[in-house]
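A short worksheet on the structure shown next.
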Amino acid sequence: MFKDFELSRAFEKIMDKLYGWGEDIILKTPNFLLAIVIFVIFWYIGKYLSHFIKRVLLKKVGQESIKAILARTVFIVTILIGFFTALAILDLDKVLTSVLAGAGVVGLAIGLALQGTLHNTFSGFILSFLPNIQIGDWIVTNNHEGRVIDINLRSVTIMEGDNNAVMIPNSKIIDSPFKNFTGTKRSRITISCGVGYESDLEVVKLVTTNAIEHIFKQNRNEKIEFFYTEFGDSSINYIIRFWTDVKDRRDILEAQSAGIMAIKAAYNTHNINIPFPIRTLDFGKNKFRSETISIRNMK
């Protein structure tokens, strides 16, 4: 008899619990449906915002990877807002508090573990909006030189002159100086040389300047500059500087090569000597002697 009584009470408790759940379901069904509707609305809002940002607001950003990441970030943030709003509608305040607390702890752990990656990511955002470095530019940075072929949220990839790709972390680009040859249309080229001590320095300066001016036309407010720099071991050395169109290292090398050939041809015409040292080694018994001889054209 006692066992039947206990079973009856247990059955009543189960039924009361089921009835309570049924009432809760009936009472909260409108809120549940509203929460689903709100979440779906935020889903479509996120889709629209990501598309709008990618196609309209980021027209000036040339890197497709940056556009995709920014659009996805906006979409995820919008979805999270809709999720938390749905939880609030369902009166799940405790669940919402637990989710936020857990998200904070997880976010802190992830931030500490990925400090370097996050630094590169934020640097990538900055680089994507900088007009001073774009895909196709020829740059020099961090002891590497080449053409920029990709900019993403992790690194900048440059193709060096030997056709090898180098990936440089974005933080290195942001924290270090870099030179952009493509940023300006005209650049100054420098050529160094030397002439014999017997040379007429005024004639050398005139002949050299005319040779460069003949093949490199200078624009307004530009001029060819010639400076003697030192008395060398076998020559009086100088530098000559001039302006020309430059977009990359190849343009610089071509300008220097053309300038050197023009100067050499002019010196041959005017009998101007470019001396060079000759070192003679004499290996005698128990002795070693080194001599340096300078050869000049004698008139």
Side-chain angles (χ1 to χ4, degrees), residues 132-149 158-164 166 177-280 290-299:
N132 296 329
I133 178 171
Q134 298 292 327
I135 291 178
D137 291 352
W138 188 276
I139 66 171
V140 179
T141 181
N142 292 275
N143 297 321
H144 294 285
E145 178 176 356
R147 190 175 306 283
V148 179
I149 61 175
I158 65 174
M159 185 67 70
E160 294 190 318
D162 57 4
N163 202 38
N164 289 319
V166 178
F178 67 88
K179 179 187 289 187
N180 190 339
F181 288 90
T182 315
T184 54
K185 183 179 180 181
R186 306 271 291 177
S187 292
R188 180 177 282 164
I189 307 298
T190 301
I191 295 177
S192 302
C193 190
V195 294
Y197 276 88
E198 76 284 355
S199 303
D200 186 329
L201 299 186
E202 290 295 335
V203 173
V204 170
K205 180 177 181 179
L206 180 61
V207 170
T208 307
T209 303
N210 289 340
I212 294 297
E213 189 175 17
H214 181 70
I215 59 175
F216 294 103
K217 302 301 180 182
Q218 304 299 288
N219 295 337
R220 187 177 181 181
N221 298 326
E222 297 177 352
K223 66 177 182 178
I224 298 173
E225 297 178 334
F226 184 100
F227 303 101
Y228 288 105
T229 57
E230 63 176 350
F231 293 97
D233 293 336
S234 56
S235 64
I236 298 177
N237 300 324
Y238 69 83
I239 62 170
I240 185 168
R241 305 194 301 182
F242 55 92
W243 294 87
T244 188
D245 293 340
V246 169
K247 294 182 296 184
D248 52 33
R249 177 63 66 179
R250 180 184 179 88
D251 290 342
I252 294 176
L253 294 176
E254 287 181 348
Q256 289 176 333
S257 178
I260 290 172
M261 289 191 294
I263 291 172
K264 182 62 169 64
Y267 285 4
N268 289 342
T269 302
H270 293 83
N271 295 320
I272 298 175
N273 178 40
I274 302 177
F276 58 92
I278 293 179
R279 185 173 295 276
T280 301
S290 175
E291 296 179 354
T292 301
I293 302 174
S294 297
I295 298 179
R296 304 182 179 87
N297 292 330
M298 304 301 294
K299 295 183 180 180

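Since we're looking at a predicted model, the values are computed, not measured.
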[X] and [Y]: which non-hydrogen atoms are nearest, and at how many Å?
X: K205; Y: F226; result: CG-CD2, 3.5 Å
X: S235; Y: N237; result: OG-OD1, 2.7 Å
X: G194; Y: P275; result: O-CD, 4.0 Å
X: F227; Y: E225; result: CE1-CB, 3.5 Å
X: I274; Y: C193; result: CD1-SG, 4.0 Å
X: P177; Y: T141; result: O-OG1, 3.4 Å

Atom [atom1] of [X] with >12 non-hydrogen neighbours under 6.0 angstrom:
X: E202; atom1: CD; value: no
X: N143; atom1: CG; value: no
X: R250; atom1: CZ; value: no

* Parallel, tilted or perpendicular: ring planes of Y228 versus Y238, cut at 30 and 60 degrees -> perpendicular
Could you tell me the separation between the [atom1] atom of [X] and the [atom2] atom of [Y], rounded to the nearest 0.5 Å?
X: D248; Y: N180; atom1: CG; atom2: CG; answer: 11.0 Å
X: S187; Y: I252; atom1: OG; atom2: CD1; answer: 6.0 Å
X: H270; Y: N268; atom1: NE2; atom2: CG; answer: 11.0 Å
X: F242; Y: I215; atom1: CZ; atom2: CD1; answer: 6.5 Å
X: T208; Y: L201; atom1: OG1; atom2: CG; answer: 10.5 Å
X: I139; Y: R147; atom1: CD1; atom2: CZ; answer: 11.0 Å

* To do: Would you check if the side chain of T209 reaches a backbone N or O of L206 as a donor-acceptor pair within less than 3.5 Å?
  => no
* To do: Please confirm whether the backbone N or O of W243 pairs with a side-chain atom of Q218, one donor and one acceptor, at under 3.5 Å?
  => yes
* Look at D245 together with R186 and state whether they make a salt bridge at an N to O cut-off of under 4.0 Å. => yes
* Check: W138 and K247 side chains under 4.5 Å, non-hydrogen atoms -> no
* All side chain to side chain contact (heavy atoms under 4.5 Å, CB included) counterparts of V166, not counting sequence neighbours -> H144, I158, E160, I168
* Hey, could you give me each pair passing ring-ring contact (aromatic ring centres under 6.0 Å, His included) that has a residue in residues 244-269? Not counting sequence neighbours. => none
